[in-house]
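Quick caveat: nothing in here was measured; it's all calculated off a predicted structure. Lettering of chains follows the sequences in order, A, B, ..., and the numbering in each one begins at 1.
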Amino acid sequence: MIATVATARRVLHQLRHDPRSAGLLVLMPSVLLALFHWVYAEQPWVFERVGPQMLGLFPFILMFLITSVTMVRERLSGTLERLLTTPLARGELIGGYALGFGLVAVVQAAVSSAVAIWLLDLGVDRPWEALLFAFVGSAVGIALGLLTSAFARTEFQAVQFMPLTTFPQLLVCGLLVPVDRMPEPLQWFATVLPLTYVTDAFGSLALGEGFAERVGDLLVLSAFAVAALSVASLTLRRRTP
Amino acid sequence: MPDAVDIRGLTVERGGRTVIDGLDLTIPTGVVTGLVGPSGCGKTTLIRAVAGVQVVRSGVVTVLGEPAGSATTRRRVGYVTQAGSIYPDLTTAQNLRYFAAVHRLAPDQVDEVLRAVDLTEVRDREVRHLSGGQRTRVSLAAALVAEPDLYLLDEPTVGLDPVLRRDLWQMFAELAGRGATLLVSTHVMDEADHCDRVLLMRQGRVIADDTPTGLREATGTDDIEAAFLALVGGAR
Ligand SMILES: Nc1ncnc2c1ncn2[C@@H]1O[C@H](COP(=O)(O)OP(=O)(O)OP(=O)(O)O)[C@@H](O)[C@H]1O
Ligand SMILES: [Mg+2]
């Protein structure tokens, strides 16, 4: 536990020494939301429908990116190899990452939800739930980032995994077309992708439905996060050639 | 006292080539053992095998009485890699506090260790703004905070000035005096004179294992470099 917290603190310290990245991370989603709001100034119903779901997408995508790049950097710089010769357990390292970046995700979700709800008048009347789902979505992003980082040899490759893993999800998650109006094979595909559940939860939030409608999403997303984190910690090999 | 490291029949392949071939070796407890040899001879590979992070083809590596890399030995081994593996975007003190924490230690030692490696001045500076020699010492300090029983130091003196090098070797001797075991690699052969024992390595084999004095006497030479050349010539 000490080592997990220490790892989370270390990750946050690193981010603090890079204020530009930290600033981008926290503010960029709000700026993008505002831009989106502006683009659809004449058709406000578009922002009303898609805006809440975007609130859930940003934490997922950004956390996926910074986690995979940070992890690849850790591999290349030799710090990972060194850490693996210490008593630090692999689960503690992964848990520390999830905790540290998860906190960043909460801050980011808080800022972008506040901007969306109070400045852009987005109709989400349960901000705390928006935060909860943003956090769970980011946890899945962190977990997938850790997982894919095992397959990237360079930071450049890690960045390129982003379109590979997120674009298909963006297309079928229900953001563009509701899942039940897509061809059947795509509907099956959508059910195995985590972003679908993030989108569903935020869509339901926007409709003002009760929490009971989103319990399923929460469970599925938590299961995704736990499964991806477990597989990620298995891909961390102590011995390398 | 039992040996700190015991290696039996170690064979390692890297990139499809046999880098270490059937090595048998022991490293005694409480002394400084130098691992000396030309670039590419397998020093880092051997140290990685002792640290338990190298995939090995065959053989048994026992470290402090347990298999290399086991949970118990990891508590007692400090590995300083050749490329100083510390976080450039953290300050010196933040690096040391983190490495203390992963060893489940309170960061009480940090200031003392910083004094020992003469880094007090750069305590709160980010490591990426430090000189190469300072970074090397931060990396070393990150091992010192955990007070391990076995130090694996891969070329810790590269790029340091003569005064600092002398101070570090003095520190290594002091650590050994307090009961720690040190395996220190270098390709500067004359640094071997600071060691209690020297392993001369060439193409994945240990071609000599002796005290510096014993090595010079056996080869009838004045320094370790000449001894190495004599041994290589003899092996041809
Ligand atoms: N990651 C790797 N993949 C494949 N081969 C490797 C790898 N690392 C090292 N080797 C090879 O293994 C051999 C031994 O390398 P090693 O790094 O152990 O040498 P060294 O004695 O530490 O050299 P130096 O003094 O330059 O650090 C070399 O022939 C090297 O080319
Ligand atoms: Mg080396």
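In this structure, no portion of A/T4 lies under 4.5 Å from any heavy atom of chain B. For B/Y79, the parts lying under 4.5 angstrom from a heavy atom of chain A are both the backbone and the side chain. Proximity to chain B is absent for every atom of A/L15, based on heavy atoms less than 4.5 angstrom apart. Both the backbone and the side chain of B/V102 come within less than 4.5 Å of a heavy atom in chain A. At a 4.5 Å heavy-atom cutoff, A/R237 makes no contact with chain B through either its backbone or its side chain. For chain A, the nearby parts of B/A143 are the backbone and the side chain; heavy atoms of each come within less than 4.5 Å.
In terms of heavy atoms, B/S85 sits closest to A/S77 at CB-O, 3.8 Å. Between B/T91 and A/H17, the shortest heavy-atom distance links the atoms CG2-CE1, 3.9 Å.
Side-chain atoms of A/R10 do not come within 3.5 Å of backbone N or O of B/L90 as any donor-acceptor pair. Remark: side-chain polar atoms of A/R239 are paired, donor with acceptor, to backbone N or O of B/Q54 under 3.5 angstrom.
Interface residues of residues 78-91 of chain A toward chain B, defined by a heavy-atom distance below 4.5 Å and sorted by number: A/G78, A/T79, A/E81, A/R82, A/L83, A/L84, A/T85, A/T86, A/P87, A/L88.
From B/E126, atom CD reaches atom CD of A/Q14 across 10.0 Å, with rounding to the nearest 0.5 Å.
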